[in-house]
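These notes concern the structure reproduced below.
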Number of protein chains: 4
Amino acid sequence: MYRSIQSQEWKDDAVADDEAKVKTRRGRADGEISRGRILDAATEIAAERGYEGTSISAVRAKCGLPSSSIYWHFKDKDALLAAVIERSFTTWLSAWELPDEGSPIERAESLAVQTAKAVLDSPDFLRLGLMLALERRPVEPQARARFLEVRDEAQRLFGEGLLSMVPGLSQAQLRELTTYALAGSDGLFIAKEIGGDSVDLVALLTVHARAVIDHAARMLAEGAEDSAS
Amino acid sequence: MYRSIQSQEWKDDAVADDEAKVKTRRGRADGEISRGRILDAATEIAAERGYEGTSISAVRAKCGLPSSSIYWHFKDKDALLAAVIERSFTTWLSAWELPDEGSPIERAESLAVQTAKAVLDSPDFLRLGLMLALERRPVEPQARARFLEVRDEAQRLFGEGLLSMVPGLSQAQLRELTTYALAGSDGLFIAKEIGGDSVDLVALLTVHARAVIDHAARMLAEGAEDSAS
Amino acid sequence: MYRSIQSQEWKDDAVADDEAKVKTRRGRADGEISRGRILDAATEIAAERGYEGTSISAVRAKCGLPSSSIYWHFKDKDALLAAVIERSFTTWLSAWELPDEGSPIERAESLAVQTAKAVLDSPDFLRLGLMLALERRPVEPQARARFLEVRDEAQRLFGEGLLSMVPGLSQAQLRELTTYALAGSDGLFIAKEIGGDSVDLVALLTVHARAVIDHAARMLAEGAEDSAS
Amino acid sequence: MYRSIQSQEWKDDAVADDEAKVKTRRGRADGEISRGRILDAATEIAAERGYEGTSISAVRAKCGLPSSSIYWHFKDKDALLAAVIERSFTTWLSAWELPDEGSPIERAESLAVQTAKAVLDSPDFLRLGLMLALERRPVEPQARARFLEVRDEAQRLFGEGLLSMVPGLSQAQLRELTTYALAGSDGLFIAKEIGGDSVDLVALLTVHARAVIDHAARMLAEGAEDSAS
DNA sequence: AATGAATGAGGATTCATTCAT
DNA sequence: AATGAATGAATCCTCATTCAT
């Protein structure tokens, strides 16, 4: 049944490159594999073009499966993008390792370098996530909600790590500190996206790590003063 | 002919409540007014939904003018969004005033407060701009290019201000410093967008201002060391 | 721009017959005319295939206007079909003339003949309407609601006519009588649809007219008895 | 592998509540049971939405069996709906019992009451059947053909019953009489569907029964006259 | 007897845009 | 300066159906 391949050649135009990669030719293609291919394609496109910009037909062209197969695996576009977030986050998280020795500054710098690496290695997660986070459409997509959830989870985990470096912080202080830390990382990611090679991400994240630690120290000092008076 | 009344009523239904069509009925409607109404609508929608999410017909529905009128005022969607960026930036810039007295820290803190104000007062410019900045579509929209230009311009201006506070910085150092400063502001804007009332933007931007000044001081110190050795 | 005609030739297949009838060639085609052509096509198709069976693309093929033009004139498929009902009813109603002389039986028979004529001349209205009436989908279409409304209006008008023939009926009796009268007409319409030429609609409707009048007489007699006792 | 649980859950979501999947898990599920569940679901949906409105996937969602299983039991959608008609008709027929004593009027009234009961108890058969009967699509579905057949059979049977009450009618007269009788029943069914509780089906069918008997009497009288002259 | 996966065709609807007036 | 009408391409998603297991 090669006509099916032929008959759509024209559809792809600019994206034909990826077409018909793996297809186990008509049948019994393992569902998990297909699901994975769809997610790969969707991740790539969504990270480039955002939620609205990710058309099912672009995903189809990139993964080689017909749109209807995409809908067999995912309820709708929203569910697909939520799954993209889900999977990217898992990958993303696994790239991390909390350093457990060295001075606070050293540890923070290690985290900075890890962040830089994670960001540079797989920028898709953050790029898509931040785009989703910025959107404010009337009916919030599941995908956005899921990103905010996993982001929150990440912030919590990061807070725990920070607490082991700089003990004595209250919950509120920890929240403020991690918010500031993440903000720096988000902002620097954007700067890198805009500035490209002219931005030294490792250096800037290191600067930021120091700023975070400095602020933590200042917080503790103030706290000590308060309780001394 | 009651039908003619009925027949197209539905077109703006969902938004009919919005902005009672001001049209100077039967006289030549003032072009500038129409243009303004279109830009208002487009700004609001684009800041909520990004580039792809901004459909001409959504703009039509919000501003009450027919699509063809939008095309009379703007060449195409891209030009419309570029104009949105343009106008928003002007508004945005006018909110700023470089402080010219006080210690560097004091001046930096004043800037931090101004930034917080600008961000809270008209978040549309940044929200849309950052969405555009994050996108990576094959053919770059004018709107995105324009945002990057005005952002660069802003960064230059900000650099000048910074130099007057902390003289002696090299061009490269200044670039690094302003990149870091802007990154913090971008990241904190996003944190505020996500966290809402639980995020104290003024406080965090103040923290960041101090971090920037600290880093500038450190740079100068290192520079001095270098030239001393 | 003849390519547009060519380029879709294949789409129509079985329905190409009607294509490209009137089109004032690219521009300034009067809106009312187009609207009418769409309604004509939709009426014909809907009367054959019912609500779900009426695809926009079948309407497009029959009226020669692209789907997007159909959506310019009608909000959605539902509104289109509601408009079909609306217009058909107007036509339908105008075919009637209440007889004002002769005995009740004669007048009723005149109405029977008129009904037969209306049904045979333009069966579209009733066929579509009854299909809609029978449907029970979870979210009721506007089109169905509109049919029920106009049907109710018709029943009321018919009741008035009946009252002038057989005065003295109570409102409840009138309602029962018209319900029965309409039911016979609906049922006989269906019988005619099924049986084709083997069903003599005029004869059967005449039989029914007599049955209605007989029942009315019986009602009055009972009423008289009741008040006498 | 928590994902596998998540991944397709949504498929019947909207109806998950419905009919807890009875499947005799892990043992050979009894084919007849599955077939029955499919027919139940299809009957319900088809009676609500008609032929086109009955999608295989709606049936799948309601009966809990995958679409491919539906195709294992039925050749295609058309065969499924024909089977629905078949089964519903059997149920329907079994509800009838020809009265064999009493005056013609009494017997006719007994039939009227039985009809009312049948209609009120299982309206699905008639509702779907009438929808099918009204449709006029280019390629007639088996399901419609089957309905017309069983309806014809029913009309014949009813004719026989009528003949035993009112002997002496010619075949042609019998045909006319049963056509009128059925038309009344169809029409009153529709009236009941539209009017709900405001329509007293038993009363109206009784009125109709009398009308039918009256007409039969008139026919016989005319026939006698004719042959007398 | 049953089902997970796939698939091409077609569904309704919206898109950005144009053009005659 | 503005707009009613139109339009081809694209949108998301559902359709009926098939096939290997």
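We name chains A, B, ... by the order of the sequence lines, and we start the count at 1 in each one. Given the structure is predicted, the values throughout are model-derived calculations rather than measurements.
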At under 4.0 Å between heavy atoms, what does C:Ser68 touch on the DNA or RNA strands: base, sugar-phosphate, or nothing?
base
What is the nucleic acid contact for B:Ser69, judged by heavy atoms within less than 4.0 Å: base, sugar-phosphate only, or nothing?
base
Taking the nucleotide of DNA chain E with the closest heavy atom to each, which residue, C:Tyr71 or D:Arg35, is nearer the 5' end?
D:Arg35
For D:Glu52 and C:Arg49, run salt bridge (charged side-chain N to carboxylate O under 4.0 Å, His left out): C-alpha distance rounded to whole Å, both residues' side-chain angles, the deciding distance at 0.1 Å, then the answer.
CA-CA 9 Å; D:Glu52 302 256 9; C:Arg49 307 173 120 94; 5.1 Å; no
The dot-bracket string of DNA chain E, counting Watson-Crick and G-U wobble pairs with both distances under 3.5 Å, using [ ] for crossing pairs and | for pairs to another strand, is .||||||||||||||||||||
Pick the nucleotide of DNA chain F nearest each of A:Ile56 and D:Gly53; which residue has the one closer to the 5' end?
A:Ile56
[N] OP1/OP2 closer than 4.0 Å to side-chain N/O of [X]:
| X | N | value |
| --- | --- | --- |
| C:His73 | F:dG4 | no |
| D:Ser57 | F:dT14 | no |
| C:Ser55 | E:dG10 | no |

Per the under-4.0 Å heavy-atom filter, residues of residues 74-85 of chain B near DNA chain E come out as B:Asp76, B:Lys77
Residues B:Asp40, B:Arg87: salt bridge by 4.0 Å N-O rule
yes
Nearest-nucleotide pick for A:Ser67, side chain only, options being E:dT13, F:dC13, E:dA6:
F:dC13
Partner set under side-chain contact (heavy atoms from CB on, under 4.5 Å) for B:Glu135, not counting sequence neighbours:
A:Met131, B:Tyr51, B:Leu132, B:Arg137
